[in-house]
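So the structure is just underneath, and the comments pick up after that.
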Number of protein chains: 2
Amino acid sequence: MSVEPESLEALIAEFAGLPGIGQKTARRLAYHVLTRPKSDVERFAGNLTNAIEKVHPCPQCHAFTDQDICPTCTERAGAKALCVVEKSSDIIPFERSGIFKGLYFVLGGVLSPLDGIGPEHLHLPQLAARVKDEGIEELVLALGSSPEADSTALMIDRMLAGVNVKRTRLARGIPMGSDLEFIDEVTMLRAFEGRVSL
Amino acid sequence: MSVEPESLEALIAEFAGLPGIGQKTARRLAYHVLTRPKSDVERFAGNLTNAIEKVHPCPQCHAFTDQDICPTCTERAGAKALCVVEKSSDIIPFERSGIFKGLYFVLGGVLSPLDGIGPEHLHLPQLAARVKDEGIEELVLALGSSPEADSTALMIDRMLAGVNVKRTRLARGIPMGSDLEFIDEVTMLRAFEGRVSL
């Protein structure tokens with residue numbers, strides 16, 4: 001005898017398909033949903049459908065947007081600094097800090113031969129075109145600190161060899177508020193190498 | 001400037017409303033959803049709506065079902081053993097082990113004065129009626145091992161004072177495969193008290 005109704009099993013499977021959600025958590029979430037008022041669950045379903053229908057990558061920068069062109073590309077058109085990130089959600093910490101007032105460009109990934117991600121999977125031609133066409137003066141490569149991110153940054157650097165644009169990357173070092181005891185060796189190495197005078 | 005489109009924010013809020021899902025995980029899940037094919041997301045939304053529309057508590061035992069009467073109540077009608085659990089999902093480990101072939105009854109909670117859950121919030125009159133009307137011979141109280149569960153079991157025991165039904169509870173002790181080193185004191189106390197001859 002199957003313990004659970006089919007429609008409940010189907011809902012568990014949906015939650016289990018989400019990243020980082022195992023079978024047990026998926027079951028807990030599905031049972032929770034069934035204890036909610038019907039209107040709440042219908043709103044959830046509606047917000048899922050609504051998001052996938054309305055949100056799409058901005059044709060200029062590939063960040064998720066629900067408009068023809070994303071607000072950043074529209075409102076900051078003409079800015080001369082362009083920050084390259086791996087994925088759309090990487091933009092959030094920049095905007096939250098308010099430190100960067102330029103344009104963004106979502107690359108769509110980093111080179112990862114083991115996962116079969118080569119240059120052809122990234123929005124490289126569009127990045128090159130945007131840098132040239134918009135007269136970008138500084139390109140901030142904010143692709144994370146993995147070896148894959150490093151080699152991707154290097155490739156972009158080479159791709160723009162003949163272009164007069166300053167290339168920078170984010171500083172590497174000790175994050176704020178962290179206990180030195182728990183800092184990994186590579187971060188420590190980078191933080192020490194990059195030490196500055198007081 | 002808001003970083004995220006409104007419809008994306010709404011989806012993040014839905015995930016963040018689920019138990020055990022924080023703001024960061026909710027954002028990760030919502031961004032993941034947007035990278036899926038539209039048909040997958042629509043199927044997810046459909047399974048949410050479908051589950052909340054079809055699944056409801058069985059009028060006899062309060063377990064979640066998509067039928068008028070749940071399969072267990074139907075197929076095991078006439079069984080003389082009734083297992084009382086706190087919530088619908090507690091039935092799963094019983095059915096998975098296959099050890100119990102009787103009926104179930106979902107109490108809908110355990111007494112918890114601090115959370116404002118009193119006897120009036122539990123399906124107690126229905127439980128009493130079912131025990132009497134169906135001539136139940138053994139009532140297995142499987143309400144967990146918290147003090148709240150214990151006092152709930154005690155109350156049920158008292159409620160059925162004049163009824164000729166055997167009351168049992170699950171054995172308490174060391175779970176299978178666990179390292180004794182990590183067993184808490186109360187479990188150890190119960191396991192030692194309940195030790196059996198070889």
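Scope of the values below: all heavy atoms of this structure, side chains included, with no hydrogens, waters or symmetry mates. Lettering of chains follows the sequences in order, A, B, ..., and the numbering in each one begins at 1.
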Criterion side-chain contact (heavy atoms from CB on, under 4.5 Å) on A:I21 and B:I21, from CA distance to verdict: CA-CA 10 Å; A:I21 306 283; B:I21 305 284; 4.0 Å; yes
Derivation and outcome, side-chain contact (heavy atoms from CB on, under 4.5 Å), residues B:E14 and A:L48: CA-CA 9 Å; B:E14 293 295 354; A:L48 271 171; over 6 Å; no
Audit row: B:E4, A:T65, side-chain contact (heavy atoms from CB on, under 4.5 Å) steps and yes/no: CA-CA 7 Å; B:E4 283 151 349; A:T65 183; over 6 Å; no
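From A:D66, atom CG reaches atom OG of B:S7 across 4.5 Å, with rounding to the nearest 0.5 Å. If you take CZ on B:R36 and CD1 on A:I52, they are separated by 9.5 Å, rounding to the nearest 0.5 Å. Here the OG1-CD distance, from B:T49 to A:E42, works out to 6.5 Å after rounding to the nearest 0.5 Å.
Listed by sequence position, the residues of residues 163-173 of chain A in contact with chain B number zero, using a 4.5 angstrom heavy-atom cutoff. Taking non-hydrogen atoms and a 4.5 Å limit, the residue list of residues 130-142 of chain A in contact with chain B is empty.
Hydrophobic cluster membership differs between A:I99 and A:L103, with clusters built from Ile, Leu, Val, Met, Phe, Trp and Tyr side chains linked at under 4.5 angstrom. Side-chain heavy atoms closer than 4.5 Å link hydrophobic residues (I, L, V, M, F, W, Y) into clusters, and following such links, even through other members, never connects B:L154 to B:L160. Tracing side-chain contacts under 4.5 Å through hydrophobic residues (I, L, V, M, F, W, Y), one never reaches B:V106 starting from B:I156; they form parts of separate clusters. B:L82 and B:M155 fall within the same hydrophobic cluster, where Ile, Leu, Val, Met, Phe, Trp and Tyr residues are linked whenever their side-chain heavy atoms come under 4.5 Å apart, directly or through other members. In the hydrophobic clustering of this structure, A:V186 does not group with A:F182; members are Ile, Leu, Val, Met, Phe, Trp, Tyr whose side-chain heavy atoms approach within less than 4.5 Å, directly or through other members.
Chain A forms more heavy-atom pairs under 4.5 Å with one residue of B:L34, B:V33, B:V55 than with any other, namely B:L34. Ranked by heavy-atom pairs shorter than 4.5 Å toward chain A, the options B:K54, B:Q67, B:R27 are led by B:R27.
A donor-acceptor pair is defined here as one N or O able to donate and one able to accept, closer than 3.5 Å; such a pair exists between the side chain of B:R28 and the backbone of A:P19.
Other residues, nucleotides and ligands place more than 12 heavy atoms under 6.0 Å from the CD atom of A:E120. The environment of B:D68 atom CG is sparse: at most 12 non-hydrogen atoms of other residues, nucleotides or ligands sit within 6.0 angstrom. Counting heavy-atom neighbours within 6.0 Å of B:E6 CD, excluding the residue itself, gives a total of 12 or less. Heavy-atom contacts from other residues, nucleotides or ligands closer than 6.0 Å to CD of A:E193 number more than 12.
The aromatic rings of A:F15 and B:F44 stand perpendicular to each other, their planes meeting at an angle above 60°, with 30° marking the opposite boundary.
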